[in-house]
Amino acid sequence: MGRSKEADGSACSARVAVVGAGPAGLYAVESLLESASGLGVDVFDRLPTPYGLVRYGIAPDNQRMKSVTRVLRNAFDHENQVRFIGNVCFGVDISRMDLLKHYDAIIYATGAQAERRLGIPGEDLPGSYGAKEFVDWYNGHPDAADRNFLLHVKQVAVVGAGNVALDVARMLIRSPDEIASTDVPDRVLDAFRNSQITDVHLIARRGLVQAKFTPVELRGIGDLVNADVVIRPEEVLLTDDDEIRIGSDRELRTNVTMLREWARRPLQGKARRLHIRFLRRPARILGENRVEGVLLESNEQLAGEQVRGTGSFETLKVDMIFRSVGYQALRLPDVPFDEARSIIPHNRGRVLDEIGQLTDREYVTGWAKRGPSGTVGTNRSDSAETVCSLLADLAARGSYNGSDPEQILTLLDNRRVDHTNWANWLRLDDHETQLGRRQGRPRVKIPDLRSMLELSHRSNTPGSVESPD
Ligand code: NAP
């Protein structure tokens, strides 16, 4: 400790730990490298894979968006400065105190690991699932490796009017051939090939101007080869308040125009249908032993954030329901947390303790900082703000920890943590892309952790480890 040096934020030999290798964490690394030379950065992740929600959140049929990994991976081109330390769980394998001891600063970039609930009767009936469970499954997340979704039902509801609900609805309604050109695990592809789904009902509790879809994502459902979009014209009428809200908001106007056009468009008799229902609140999930339907209450068309029922109900018969009403960050062990807002409290990225005082050398970025909002790119400016605070503090402090970078690896070894590095990830990456090449797909994901680790450590020859699919 205590190696002293003039620190001006542009040239320093401090060491920074980034917890979470998703877009927020990797944009923070990019920002650190751009703003200061000589820094050492270790990026920890609980999985042996980088990219977080880019790999496990963005829908498989949106490979164009997943190509942002080409930018994010640049962080690891700086071999002597930036290390990936995967398969290390913060709070289990390594603690906050460990990181404070070995690094000059910690950046938490752990995202939002849980999801909100509806809080209505029937929510836990078999056949009612959180969207995250489904997203994890189709994206080959190890947390869902033991999961299987049998899509042997005809009618499905998706609750929520955000981009995740749209992703889930689109994946459910796509043709198997379209899914077959993505990177889903083989087992997932089989489930989609055997899908009996004919109708997906997307349920929005407010009106079309309050839906949180972004235009690019919404446009994606308008020309699905296998599905008509069905919208009731009476549910997309605009009030004067709606017109005021749209005003000069071009994105919102684009959405509204698209939705109203689809409501007028004659059905083309495609095999499947995506129904978008506005102003409908799920009041109860119905069924004896499993989901048989959902009771919907009509809501009033109000301006702003308000939601008010009309007392008029209808039953929608569905066999499966996905709740997609927003993600939520969870408290990290020993790290301050604002329970009411489900974020790590901060001031411009500097972590605050429970009484609002600045903590020592701790920072936060991404969804753990601002809540689950924005697109991948939003994290760039978010992380830049956090890094700006961090570098200013380092410069003001003027002395660095001076810990030997090998010590943290020795500590993990002593704890028998099977940690992985960037080269290990590249082996797994290569294996998955080679598997994909054989099937004319961008990659085929390996979803179970044991196989992922074996492939990471051992070999890049496809087929050397039996895929559980
Ligand atoms: P979101 O955008 O916050 O949408 C959540 C939706 O759930 C809202 O429509 C909300 O309605 C609804 N909701 C909340 N509580 C409800 C309740 N009790 N009953 C019925 N509906 C309820 O969240 P998200 O879809 O999970 O997306 C998270 C973030 O990831 C967003 O920023 C999103 O844009 C981003 N994302 C981006 C992409 C992409 O760019 N391709 C893909 C996926 C996700 P109210 O508005 O009425 O509260």
Side-chain angles (χ1 to χ4, degrees), residues 22-24 52-68 111-123 128-136 138-139 157-171 201-221 245 251-252 255 259 276-285 294-309 316 321-329 341-343 366-380 382:
L53 274 189
V54 173
R55 179 173 162 97
Y56 290 119
I58 293 176
D61 63 344
N62 201 348
Q63 291 294 317
R64 191 184 48 78
M65 189 171 248
K66 283 183 190 272
S67 65
V68 68
Q113 312 88 329
E115 60 189 330
R116 292 199 209 115
R117 287 174 59 85
L118 284 169
I120 58 172
E123 190 162 6
S128 162
Y129 307 102
K132 184 174 184 302
E133 221 178 322
F134 189 58
V135 171
D136 280 353
Y138 66 53
N139 264 321
V158 180
V159 180
N163 282 332
V164 171
L166 213 49
D167 282 351
V168 167
R170 200 181 59 245
M171 286 296 289
H201 307 261
L202 193 143
I203 313 292
R205 67 174 170 180
R206 295 193 289 155
L208 77 167
V209 301
Q210 287 115 348
K212 291 186 172 150
F213 315 128
T214 46
V216 178
E217 324 311 317
L218 188 60
R219 191 169 294 117
I221 59 164
R245 173 155 182 174
E251 289 212 337
L252 184 51
N255 276 2
L259 289 163
I276 307 182
R277 301 294 310 274
F278 289 101
L279 299 165
R280 295 294 179 278
R281 174 188 81 91
R284 173 185 287 270
I285 298 177
V294 54
L295 184 69
L296 298 177
E297 181 178 15
S298 303
N299 280 338
E300 286 180 37
Q301 189 161 358
L302 299 171
E305 300 296 313
Q306 295 178 78
V307 179
R308 192 159 62 224
L316 179 67
I321 185 160
F322 293 98
R323 311 172 311 262
S324 180
V325 294
Y327 289 147
Q328 204 171 19
R341 299 167 63 206
S342 297
I343 57 165
W367 281 4
K369 173 186 178 186
R370 67 176 190 275
S373 66
T375 56
V376 170
T378 313
N379 294 299
R380 186 173 236 156
D382 192 346

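All values reported here derive from a predicted model rather than from experimental measurement. Counting convention: from 1, in listed order, for ligands and their atoms alike.
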Whether E217 and R170 form a salt bridge (side-chain N of Lys/Arg under 4.0 Å from carboxylate O of Asp/Glu) is what I want to check. no

Does any N/O atom on E217 come nearer than 3.5 Å to any N/O atom on ligand 1? yes

Any donor-acceptor N/O pair, N379 side chain to V376 backbone, under 3.5 Å: yes

Tell me the contacting part of R281 for ligand 1: side chain, backbone, both, or neither, using a 4.0 Å heavy-atom threshold, strictly below. neither

Side-chain (R64) to main-chain (S67) donor-acceptor, under 3.5 angstrom: no

What is the nearest protein non-hydrogen atom to atom 23 (O) of ligand 1, stated with its residue, atom name and distance? G326 CA, 3.9 Å

Out of G162, A59, G374, the nearest non-hydrogen contact to atom 35 (C) of ligand 1 is supplied by G374

Looking only at protein heavy atoms, which one is nearest to atom 18 (N) of ligand 1, and how far off is it? R205 NH1, 3.5 Å

Quick test of your reading of the structure: of V135, V164, L118, I58, whose heavy atom lies closest to atom 25 (O) of ligand 1? V164

Give a yes-or-no answer on whether the side chains of S128 and E123 include a donor-acceptor pair shorter than 3.5 Å. no

Consider every N or O of N163 and every N or O of ligand 1, then say whether any pair is closer than 3.5 Å. yes

Mind checking the CG-CG spacing from L166 to L202? Nearest 0.5 Å is all I need. 6.5 Å

Only heavy atoms of S373, strictly under 4.0 Å: list the atoms of ligand 1 that pass. 32 (O)

Do G160 and ligand 1 have an N or O pair less than 3.5 Å apart? no

First locate atom CZ of F213, then atom CG of N255, and finally report the distance between them rounded to the nearest 0.5 Å. 8.0 Å

For T214, state whether at least one heavy atom is located under 4.0 Å from any atom of ligand 1. no

Nitrogen or oxygen of K212 less than 3.5 angstrom from that of ligand 1: yes

Compare R206, Q210, M65 and give the one whose heavy atom is closest to atom 46 (O) of ligand 1. R206

W367 neighbourhood, listing ligand 1 atoms whose heavy-atom distance to it stays under 4.0 Å: 29 (C), 30 (O)

Evaluate P282 for polar contact with ligand 1, using N/O atom pairs at a separation under 3.5 Å. no

Once rounded to the nearest 0.5 Å, what's the spacing between atom CG of L218 and atom CG of L259? 5.0 Å

Show the atoms of ligand 1 that are less than 4.0 angstrom away from any heavy atom in D167. 42 (C), 43 (C)

I want to know if ligand 1 touches A161 in the polar sense, i.e. an N/O pair below 3.5 angstrom. yes

Quick check on the 6.0 Å ring-centre criterion: do Y129 and F134 meet it? no

Return the CG to NE2 distance between L296 and H201, rounded to the nearest 0.5 Å. 10.0 Å

From the candidates N299, V325, L53, the one that places a heavy atom nearest atom 22 (C) of ligand 1: V325

Distance under 4.0 Å to a non-hydrogen atom of T375: what atoms of ligand 1 satisfy this? 40 (O)

Between E115 and K132, is there a salt bridge with N-O shorter than 4.0 Å? no

Give the residue and atom name of whichever protein heavy atom lies nearest to atom 28 (C) of ligand 1, and the separation in Å to one decimal. P372 O, 3.7 Å

When rounded to the nearest 0.5 angstrom, what distance separates CG in N163 from OG in S373? 11.5 Å

